[in-house]
Amino acid sequence: ANMDSLTAWTTLPNGQIDTVVINDSLRTLPIGGKFNGTYTIGATASDFSTFNQAFDLMKLYGMCGPVIFEVKDGVYPERLKIGNIPGSSSVNTITITSQNQNKNLVLLGDTVSFPGLTDYTLNLTSGSHYVTFDKISFANYASTGDYIVQLDSAINDIYFNDCRFIGDNWSASPGGVLANFDGRIDTIEFNRCDFIRLAKTIYIDNQYNTSHILIDSCNFLSPNSGFYVAYANDITLQNCFFESPATGTTPVDFQIASNVNLIGNHFENAYVHFASTDGGGYSNPSIIVNNFFSSISNIALELSYSDYYKVYNNNIYGSGNFYAFYIHQSKELEVVNNNIYSSGTYNYTIQNSNPISYPIQSYNNNIFPAKIRYFTSLSNYTDFTTINSFFLASGLDSNSISVDPIYVDPKDLHVLNPALDGTAMVLPEIIDDIDKEMRNVLTPDIGADEVTFLGLDVLAYSLESPITICEGN
């Protein structure tokens, strides 16, 4: 990061004395080699004192090898914009990481001590690619702030690993991550990240110009307006935890999107809503597998105008006057091995205009209580209170049962009822459960939770009496 200047000048042109020397010299801006290797960012004894100083120079001089910025502990009250860096590539990558490998000790943005950022904290503009943020916190506490991270069009291969996105207001602003542009966005990943006190956590609206958006093992802590994806393609949300909000229900919304997969997530008091989504067609249906869907003040899971989904081995909880699981004008669904439970008025509802135009398969589920509302047109329905009567009228839910799964509580949908042991249909693609415990290959359990129930067993611990005995007795 040491930069020098270059000065060139003339003397004795054609052997003559130059009588005007004021214009004889040229001086460059600081020059230096292209970036390559490891550099430090920090207030003292560092190559750069700020994020912006480092990236301004790298934009100017480019890079000729992989670059790592090790950031020293501290709060950096600045806004960072990253665009095209000359020389960056799949080989010449950029990594920004905490020097102490602690995401709690490096914070980019404003906090209570440094208020005032009323726009993004980090903006990845057109041409940004092959950038990884590792163990960095991003914050914006301004009450009128925008999103903390803004992703513009024409970016690719951006990774956030073990990062935090922190706001200070559940109900208004700021939001977490915004991608709301028409240009192409390819390969964006959030791995093991925390989204804390944000009005909106992730908002993607990208006119189908996305490919490979992965959100894995992230915590969404007390979100208010939740998670929103529209006009996007190839989204996977897996192993994530959505904490119940301070008030109301967290909406997790997928609208006019395609190839959306939900795997192994905990949705605590959330309304998970699919609207006008395409699961990928006959050859590549999307999957909704091994999730806990819990809602105490709204529908737990809804598929509306959404086609080509495999809904396998989920635990669903609903209450009040809301459906636990609601299907509306959706076709080519396969609903198998799910625990569908409601303590309220309704449980499982299928509202398709007719079963011929909107065929679905539903079987081997546990529906308790058997409070099923089935529509033969958009306005005509019948309520069923037994699995058998529903099967005879609809042909659906053969081999289904109605047993109380006995969830631990409305937010923790692990099951306690041994009657569910070995009741699932074997699905070769479902090899483990929500806790990553392996499924029984011959007799798996219905629902997201594979449980090994022990039979009744009494242990002989000690012989208390008699201790002595008379000879002959």
Side-chain angles (χ1 to χ4, degrees), residues 223-224 226 242-253 262 265-275 288 291-304 306 311 313-330 333 335-352 360 362 364-376 378-391 393-394 396-397 400-417 419-420 423 434 446-449:
N224 185 69
F242 285 77
E243 182 186 62
S244 178
T247 59
T249 304
T250 299
V252 179
D253 220 352
L262 268 59
N265 302 287
H266 292 247
F267 297 101
E268 182 182 285
N269 194 18
Y271 170 34
V272 182
H273 177 220
F274 289 75
I288 301 173
N291 300 281
F292 286 176
F293 297 101
S294 171
S295 181
I296 59 176
S297 55
N298 210 318
I299 298 170
L301 174 63
E302 176 179 345
L303 293 170
S304 182
S306 296
V311 185
N313 288 89
N314 300 283
N315 285 359
I316 305 172
Y317 175 91
S319 65
N321 292 322
F322 300 98
Y323 309 116
F325 184 18
Y326 177 46
I327 296 172
H328 176 240
Q329 290 294 85
S330 298
L333 307 180
V335 182
V336 184
N337 287 348
N338 300 281
N339 279 314
I340 308 171
Y341 173 93
S342 176
S343 63
T345 307
Y346 305 105
N347 196 344
Y348 186 24
T349 295
I350 302 172
Q351 186 181 13
N352 288 338
I360 70 170
S362 182
N364 219 94
N365 298 294
N366 177 36
I367 307 170
F368 184 85
K371 296 180 292 187
I372 305 166
R373 175 164 288 186
Y374 182 65
F375 286 75
T376 54
L378 288 180
S379 58
N380 296 315
Y381 64 86
T382 302
D383 289 333
F384 297 93
T385 57
T386 68
I387 299 293
N388 187 58
S389 62
F390 175 56
F391 167 69
S394 68
L396 299 175
D397 276 281
S400 290
I401 59 176
S402 186
V403 175
D404 187 347
I406 311 180
Y407 293 140
V408 172
D409 63 50
K411 295 180 180 180
D412 181 356
L413 303 188
H414 288 90
V415 300
L416 299 175
N417 192 343
L420 293 175
T423 52
I434 191 170
I446 281 179
D449 182 22

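Taking NZ from K371 and OG from S402, the interatomic distance works out to 10.0 Å, rounded to the nearest 0.5 Å. Once rounded to the nearest 0.5 Å, the distance linking OG of S400 with CD1 of I372 reads 8.0 Å. Expressed to the nearest 0.5 Å, how far CZ of F368 lies from CD1 of I387 amounts to 10.5 Å.
Remark: the backbone N or O of Q329 is paired with a side-chain donor or acceptor of N352 at under 3.5 angstrom. Between the side chain of N364 and the main chain of V336, no donor-acceptor pair closer than 3.5 Å is present. A donor-acceptor pair under 3.5 Å links the side-chain atoms of N291 to the main chain of L262, judged by distance alone.
In summary, the side chains of Y317 and S343 do present a donor paired with an acceptor at a separation below 3.5 Å, with no hydrogens or angles considered. Y381 and T349 form no side-chain donor-acceptor contact under 3.5 Å, judged by distance and modelled atom types alone.
A side-chain hydrogen bond (donor to acceptor under 3.5 Å, both in side chains) with Q351 is found for exactly one of Y374, Y323, Y326, namely Y326. When D397, D383, T385 are each tested for a side-chain contact (heavy atoms from CB on, under 4.5 Å) with F390, only one passes: D397.
Shown here are the side-chain hydrogen bond (donor to acceptor under 3.5 Å, both in side chains) partners of T382, two or more places apart in sequence or in another chain: there are none. Take D449 and apply the side-chain hydrogen bond (donor to acceptor under 3.5 Å, both in side chains) test, not counting sequence neighbours, and it matches no residue. With sequence neighbours excluded, no residue forms a side-chain hydrogen bond (donor to acceptor under 3.5 Å, both in side chains) with N347.
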**Request:** Take S362 and Y348 through the side-chain hydrogen bond (donor to acceptor under 3.5 Å, both in side chains) test and state the conclusion after the steps.
**Result:** CA-CA 11 Å; S362 182; Y348 186 24; 2.9 Å; yes
